[in-house]
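First the structure, in the form of structure tokens, and then the observations on it.
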Amino acid sequence: MTVDVEKDAPNVGRIRQKNEEVILRAAEEEFALYGFKGASMQKIADRAELPKANLHYYFKNKLGLYTAVLKQAIELWDNTLNDLTPEHNPAEVLPEYIREKIHFARAYPLASRLFAKEIISGAPQLQDYFSDGYQAWFDQRTAVFQSWIDQGKMDPIDPAHLIFLLWSSTQHYADFAVQIESALGSHPLANSHYDSASDTLIHIILKGCGVNVR
């Protein structure tokens, strides 16, 4: 039987994407629970319900898989921040950004916790990420906030520390979920809790920036 490779390419691509997603989700859970040292490719394969050989087909080794999980989380957060431009109105886009970050905290809590553990340990596996143009990227983001200040769209505050506040306040709902669940008596948190968190952060942060809350 002759196989039309070109015709079959889309199916191969979909299978590859599906397998990579399954592996990344399983790895995210394993690394979040046991850390980089405690996790193993075999345990991740078992969690993904795939042969160990499949993991090595898509990812060279455990370090490559660990890095891929971290970068997937970072791309989610960075891409959302990249959408903000000087032409935007902070009264409109900041609430959207905060709600999106709270959504990530709810949908991808393990990725957030894994990233937090990596940072706390000194980010040994993210040195390339932080050295490869990271400061230039961050400066571009703070420049957007500074342009809003220059246009009179928000009060003159330090853009860098505002971004740090946005990151920490939203990711708190993933990284410290156990504490929040215990305080609110809800395991897990309900939709209403996340909605209330978004509304509260939007109200406080926008008022603190001198932006009219809508």
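Numbers here simply count residues along the sequence, with the first being 1. Keep in mind that the numbers below use all heavy atoms, side chains included, and drop hydrogens, waters and symmetry copies.
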Query raised in the report: Does Trp148 use its side chain to pair, donor to acceptor, with the backbone of Thr85 at less than 3.5 Å?
Result: yes

Query raised in the report: Ile204 and Leu94: same hydrophobic cluster, using ILVMFWY side-chain contacts below 4.5 Å?
Result: no

Query raised in the report: For the atom pair CG (Leu166) and NE2 (His161), what is the distance rounded to the nearest 0.5 Å?
Result: 13.0 Å

Query raised in the report: Going by atom types only, do Tyr108 and Glu28 share a side-chain donor-acceptor pair under 3.5 Å?
Result: no

**Report entry** Member of Trp167, Tyr97, Phe115 meeting the ring-ring contact (aromatic ring centres under 6.0 Å, His included) criterion with Trp77
**Finding:** Phe115

Report task. Give a yes or no on whether Gln135 atom CD has more than 12 heavy-atom contacts from other residues, nucleotides or ligands under 6.0 Å away. Result -> no

Query raised in the report: Can you list the other members of the hydrophobic cluster that holds Phe176, where links are side-chain heavy atoms under 4.5 angstrom apart?
Result: none

Query raised in the report: Does the pair Lys207/Asp155 count as a salt bridge with the N-to-O cut at 4.0 Å?
Result: no

Report summary line: ring pair (Phe, Tyr, Trp, His ring centres under 6.0 Å) filter on Tyr57, not counting sequence neighbours, yields none

Report task. Measure the spacing between CG of Leu24 and NZ of Lys71 and express it to the nearest 0.5 Å. Result -> 12.5 Å

Query raised in the report: If you look at every heavy atom in Ala160 and Asp158, which pair is closest and at what distance?
Result: N-OD1, 3.0 Å

**Report entry** Atom pair CD1/CZ of Ile163 and Phe145 - distance to nearest 0.5 Å
**Finding:** 4.5 Å

Report task. Could you go through the side-chain contact (heavy atoms from CB on, under 4.5 Å) check for His88 and Val144 one step at a time? Result -> CA-CA 9 Å; His88 280 129; Val144 172; over 6 Å; no

Requested in this report: Apply the test side-chain contact (heavy atoms from CB on, under 4.5 Å) to residues Arg141 and Asn82: give CA-CA distance (whole Å), side-chain angles for both, the deciding distance (0.1 Å), then the verdict.
Outcome: CA-CA 7 Å; Arg141 298 303 93 212; Asn82 286 340; 3.7 Å; yes

Requested in this report: Could you give me the CA-CA distance, side-chain angles and deciding distance for Asn191 and Arg106, then say whether side-chain contact (heavy atoms from CB on, under 4.5 Å) is met?
Outcome: CA-CA 9 Å; Asn191 291 340; Arg106 181 188 179 193; 2.3 Å; yes

Query - Tyr58 OH to Asn19 CG distance, which is reported to the nearest 0.5 Å - result: 3.5 Å

**Report entry** Derivation and outcome, side-chain contact (heavy atoms from CB on, under 4.5 Å), residues Thr80 and Phe104
**Finding:** CA-CA 10 Å; Thr80 305; Phe104 289 153; 3.2 Å; yes

Requested in this report: Identify the residue among Ile102, Ile98, Leu201 that makes a side-chain contact (heavy atoms from CB on, under 4.5 Å) with Ser169.
Outcome: Leu201

Requested in this report: Apply the test salt bridge (charged side-chain N to carboxylate O under 4.0 Å, His left out) to residues Asp175 and Lys117: give CA-CA distance (whole Å), side-chain angles for both, the deciding distance (0.1 Å), then the verdict.
Outcome: CA-CA 9 Å; Asp175 301 342; Lys117 288 181 180 179; over 6 Å; no

**Report entry** Glu181: partners by salt bridge (Lys or Arg N to Asp or Glu O under 4.0 Å), with sequence neighbours left out
**Finding:** none

Report task. Evaluate the ring planes of Tyr134 and Phe138, with Trp represented by its six-membered ring, and classify them as parallel (under 30°), tilted (30 to 60°) or perpendicular (over 60°). Result -> parallel

Requested in this report: Looking only at non-hydrogen atoms, find the nearest pair between Ser186 and Pro188 and report the distance.
Outcome: OG-O, 2.6 Å

Report summary line: Between Ala174 and Ala105 the two heavy atoms that sit nearest each other are CB-O, 3.5 Å

**Report entry** Residues Thr200 and His203: side-chain donor-acceptor under 3.5 angstrom
**Finding:** no

Query raised in the report: Between Leu84 and Leu206, is there a shared hydrophobic cluster once you connect ILVMFWY residues whose side-chain heavy atoms come closer than 4.5 Å?
Result: yes

Query raised in the report: Nearest 0.5 Å, what's the NE2-CD distance between His103 and Glu96?
Result: 14.0 Å

Query raised in the report: Quick one: do Lys18 and Glu21 make a salt bridge, cutoff under 4.0 Å?
Result: no

Requested in this report: Taking His56 for its side chain and Ala53 for its backbone only, find out whether a donor-acceptor pair lies under 3.5 Å.
Outcome: no

Query raised in the report: Ala197 and Tyr173: which non-hydrogen atoms are nearest, and at how many Å?
Result: CB-CZ, 3.5 Å

Query raised in the report: Where do His187 and Ser182 come nearest, in terms of heavy atoms and distance?
Result: CE1-N, 3.7 Å

Query - Over 12 foreign heavy atoms within 6.0 Å of CD, Glu49 - result: no

Requested in this report: Give the minimum heavy-atom separation between Ala177 and Arg113, together with the two atoms involved.
Outcome: CB-NH2, 3.5 Å

Query raised in the report: Under a 4.5 Å side-chain heavy-atom rule over Ile, Leu, Val, Met, Phe, Trp and Tyr, are Val22 and Met41 clustered together?
Result: yes

Query raised in the report: Are Ile205 and Ile157 connected in a single hydrophobic cluster, I mean Ile/Leu/Val/Met/Phe/Trp/Tyr linked by side-chain heavy atoms less than 4.5 Å apart?
Result: yes

**Report entry** Neighbour count above 12 (heavy atom, 6.0 Å) for Lys43 NZ
**Finding:** yes

Report task. Supply the atom-to-atom distance Leu55 CG to Ser40 OG, rounded to the nearest 0.5 angstrom. Result -> 9.5 Å

Query raised in the report: Under the 3.5 angstrom rule, does the side chain of Gln125 hit a backbone N or O of Glu118 as a donor-acceptor pair?
Result: no

Requested in this report: Return the orientation label for the Phe31 and Phe36 ring planes: parallel under 30°, perpendicular over 60°, tilted otherwise.
Outcome: parallel

Query - Verify same cluster id: Phe130, Leu81 (apolar side-chain graph, 4.5 Å) - result: yes

Query raised in the report: Can you tell me if Trp137 uses its side chain to pair, donor with acceptor, with the backbone of Asp132 under 3.5 Å?
Result: no

Query raised in the report: Just by modelled atom types, is the Gly64 backbone N or O under 3.5 Å from a matching donor or acceptor in the Thr67 side chain?
Result: no

Query - Whether Lys153 side chain and Pro90 backbone form a donor-acceptor pair below 3.5 Å - result: no

Report task. Check the surroundings of atom CZ in Phe164: do more than 12 heavy atoms from other residues, nucleotides or ligands lie under 6.0 Å from it? Result -> yes

